[in-house]
Protein chains: 2
Amino acid sequence: MKNKNSVIRLSRYKNALRRLKTMGFARIFSDNLADAIGVTPSQVRKDFSIFGISGNKRGGYQIDELIEHLNNILGKNTIKHAIIVGAGNIGAALAKYDGFEKDGIKIDAVFEADPLKVSSQAVIPVLHADQMIEFIQTNDIRIGIIAVPESSAQQVLDLMVLSGVKGVLNFAPIRLRAPKECVVNNVNLVLELENVIYFSNLLEKEAQEAEINI
Amino acid sequence: MKNKNSVIRLSRYKNALRRLKTMGFARIFSDNLADAIGVTPSQVRKDFSIFGISGNKRGGYQIDELIEHLNNILGKNTIKHAIIVGAGNIGAALAKYDGFEKDGIKIDAVFEADPLKVSSQAVIPVLHADQMIEFIQTNDIRIGIIAVPESSAQQVLDLMVLSGVKGVLNFAPIRLRAPKECVVNNVNLVLELENVIYFSNLLEKEAQEAEINI
DNA sequence: ATGTTTTTGTGAAAAAAATAACAAAACCCC
DNA sequence: GGGGTTTTGTTATTTTTTTCACAAAAACAT
Ligand SMILES: NC(=O)c1ccc[n+]([C@@H]2O[C@H](COP(=O)([O-])OP(=O)(O)OC[C@H]3O[C@@H](n4cnc5c(N)ncnc54)[C@H](O)[C@@H]3O)[C@@H](O)[C@H]2O)c1
Ligand SMILES: NC(=O)c1ccc[n+]([C@@H]2O[C@H](COP(=O)([O-])OP(=O)(O)OC[C@H]3O[C@@H](n4cnc5c(N)ncnc54)[C@H](O)[C@@H]3O)[C@@H](O)[C@H]2O)c1
């Protein structure tokens, strides 16, 4: 898929822009934005160029306009509805998190297999897993978050796809198979941490070698 | 940084291998592994080639040997100690998660600013944030996880770096600045979800256009 | 007005990553 | 033990991503 990284960066820019806006900026230059998310100014302009975003020579970009534009590209100008499956550690944490709502993503419900964890009167209702298919269909949900154990993840995904879900964020550390009409994005936190460990080890090793070569 | 993606995939391979091993395999071919994590067999062999991992022509790879080798490269043959800062939604979820320990990562303590959340007798003790620096130094902690609000994240990182932390996994949705001797890896879940939304929208759009062009 | 400075937008170049291609080794079967 | 088959390991090729570089537009100064 071409420009995958650009899209990810667009989200980052939007994020940074919101912060910069609350800091009182009305306009922004490619190098401010670059600095805010840690890329080169060229990269910023290139990304914008790819998606047809333009600013003003010497005047930079109007923040409000830019955010609007980014939201349009990212399909975020209408509220997006999503569900979470699995009301365990991570599922519950996500359900309580207010950062999604701030970004126009509304978690409509959580689905859980364990009847003891069901609580349909909560702010974000926790419903029984059996109700998931119907809920997805009647509420036309397109986005799902999988927070169930590895062993049930594929099964949950299959049900989601069957019901009409088109995009999934998966926390189970396993590769899920989906038909090509459904996007699956995996978040593997162990892997992320291992990665940190690897690169920090590498840095330490390099530092030691540099010391020897003095 | 060169080969960054290869390193990430090495962790994936290791993960898949553990699963394949419990399924009874003793040997594995590049195409099995490729299939398990969703890449091409060439990619698998290329990755291994880069890190000097070799198998047997026609015999594939001995799983145990391979895991051992990957662990060595990833610096995982000794237990890695880490701390979490912030005992909120995500911090608590991570502390309870058993997936880290399975992978040789031990969370030694959680640090929290709110005295009401401190509970030093818990399985993984939740200590007061004031004790962090000393704990890191006396226990020689190199890895930290940041699970505090955006507004305190940079401050926490600075303290960590000061105390000797060399690698950080950050959940706050903000770019943190670290000196180059400390690696910072960001996990931004809102962004991950936005990404899913973008690409699923794209797919739907493409599907619609394809329909028109029949 | 005219020159100077700043900053964008993009095409060209470089770097990095992924894929393909295939020789060589290892095994199998007869 | 020779011919066929499988699978690695690596080099070559292609694709993708990032960076560079600079012309042109806009703002400013004088
Ligand atoms: N907790 C973490 O910090 C963390 C970190 C990284 C990855 N993960 C992954 O996230 C997933 C969930 O982790 P967790 O720690 O929240 O586990 P958990 O056991 O706390 O929660 C899982 C929940 O899913 C429910 N469940 C099981 N099957 C279900 C089904 N078919 N339909 C609906 N609900 C079902 C269980 O009843 C349970 O409440 C796991 O795959 C785990 O590997 C978790
Ligand atoms: N909860 C989620 O699902 C989720 C998802 C994505 C991102 N995040 C991010 O993760 C971070 C934490 O989110 P959360 O939902 O767990 O928030 P939370 O408010 O539940 O938890 C934050 C905790 O950090 C503590 N804290 C604040 N300053 C501290 C300091 N200096 N030292 C130690 N502890 C301190 C607070 O007392 C609180 O207990 C935030 O940056 C958030 O944006 C959370």
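Proteins come first, then strands; the chains are lettered A, B, ... in the order of their sequence lines, and each starts at number 1. As a basis for the values below, the full set of heavy atoms in this structure was taken, side chains included, without hydrogen atoms, waters or symmetry mates.
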Practice task
Find the distance between CD1 (B:Ile136) and CG (B:Leu159) and round it off to the nearest 0.5 Å.
Solution key: 8.0 Å
Practice task
Could you tell me the separation between the NZ atom of B:Lys14 and the CG atom of B:Asn71, rounded to the nearest 0.5 Å?
Solution key: 5.0 Å
In whole angstrom, give the distance that lies between atom [atom1] of [X] and atom [atom2] of [N].
{"X": "B:Ile50", "N": "C:dA16", "atom1": "CD1", "atom2": "C1'", "answer": "10 Å"}
{"X": "B:Asp31", "N": "D:dT6", "atom1": "CG", "atom2": "P", "answer": "12 Å"}
{"X": "B:Asp47", "N": "D:dT10", "atom1": "CG", "atom2": "P", "answer": "14 Å"}
{"X": "A:Leu33", "N": "C:dT7", "atom1": "CG", "atom2": "C1'", "answer": "14 Å"}
{"X": "B:Ile8", "N": "C:dA16", "atom1": "CD1", "atom2": "P", "answer": "16 Å"}
{"X": "A:His69", "N": "C:dG9", "atom1": "NE2", "atom2": "P", "answer": "11 Å"}
{"X": "A:Ile53", "N": "C:dT7", "atom1": "CD1", "atom2": "C1'", "answer": "17 Å"}
{"X": "B:Ile37", "N": "C:dA18", "atom1": "CD1", "atom2": "C1'", "answer": "13 Å"}

Practice task
Could you check A:Lys46 against B:Gly55 and say which one's nearest nucleotide on DNA chain D is further toward the 5' end?
Solution key: B:Gly55
Handout entry: Residue whose nearest DNA chain D nucleotide is more 5′ - B:Phe48 or A:Asn3
Key = B:Phe48
Exercise for the section: Verify, without hydrogens or angle tests, whether B:Asn32 (side chain) and B:Phe29 (backbone) share a donor-acceptor contact under 3.5 angstrom. Expected result: yes
Between [options], spot the one nearest the side chain of [X], thanks.
{"X": "A:Lys4", "options": "C:dA25, D:dT17, D:dA24", "result": "D:dT17"}
{"X": "B:Arg45", "options": "C:dC22, D:dA26, C:dT10", "result": "C:dC22"}
{"X": "B:Asn5", "options": "D:dT19, C:dA18, D:dT7", "result": "C:dA18"}

[X] vs [N]: side-chain N/O to OP1/OP2 distance below 4.0 Å:
{"X": "A:Gln43", "N": "D:dT19", "result": "yes"}
{"X": "A:Ser49", "N": "C:dG9", "result": "no"}
{"X": "B:Thr40", "N": "C:dT19", "result": "yes"}
{"X": "A:Ser30", "N": "C:dT8", "result": "yes"}
{"X": "A:Arg9", "N": "D:dT17", "result": "no"}

Handout entry: Check: B:Ser42 side chain, C:dA18 base, donor-acceptor under 3.5 Å
Key = no
Practice task
Go through the N and O atoms of the side chain of A:Arg58 and the base of D:dA27, and report whether any donor-acceptor pair is under 3.5 Å.
Solution key: yes
Handout entry: Between B:Glu194 and A:Ser11: side-chain donor-acceptor atoms closer than 3.5 Å
Key = yes
Handout entry: Distance flag, aromatic centroids of B:Phe135 and B:Phe111, threshold under 6.0 Å
Key = yes
Fill in the blank from the handout: Of B:Val39 and B:Arg27, the one whose closest nucleotide on DNA chain C sits nearer the 5' end is B:Val39
Fill in the blank from the handout: Heavy atoms of B:Lys96 and A:Asn89 approach each other most closely as CD-OD1, 3.4 Å
Practice task
Give one of base, sugar-phosphate or nothing for B:Ser6, where a contact means two heavy atoms less than 4.0 Å apart.
Solution key: nothing
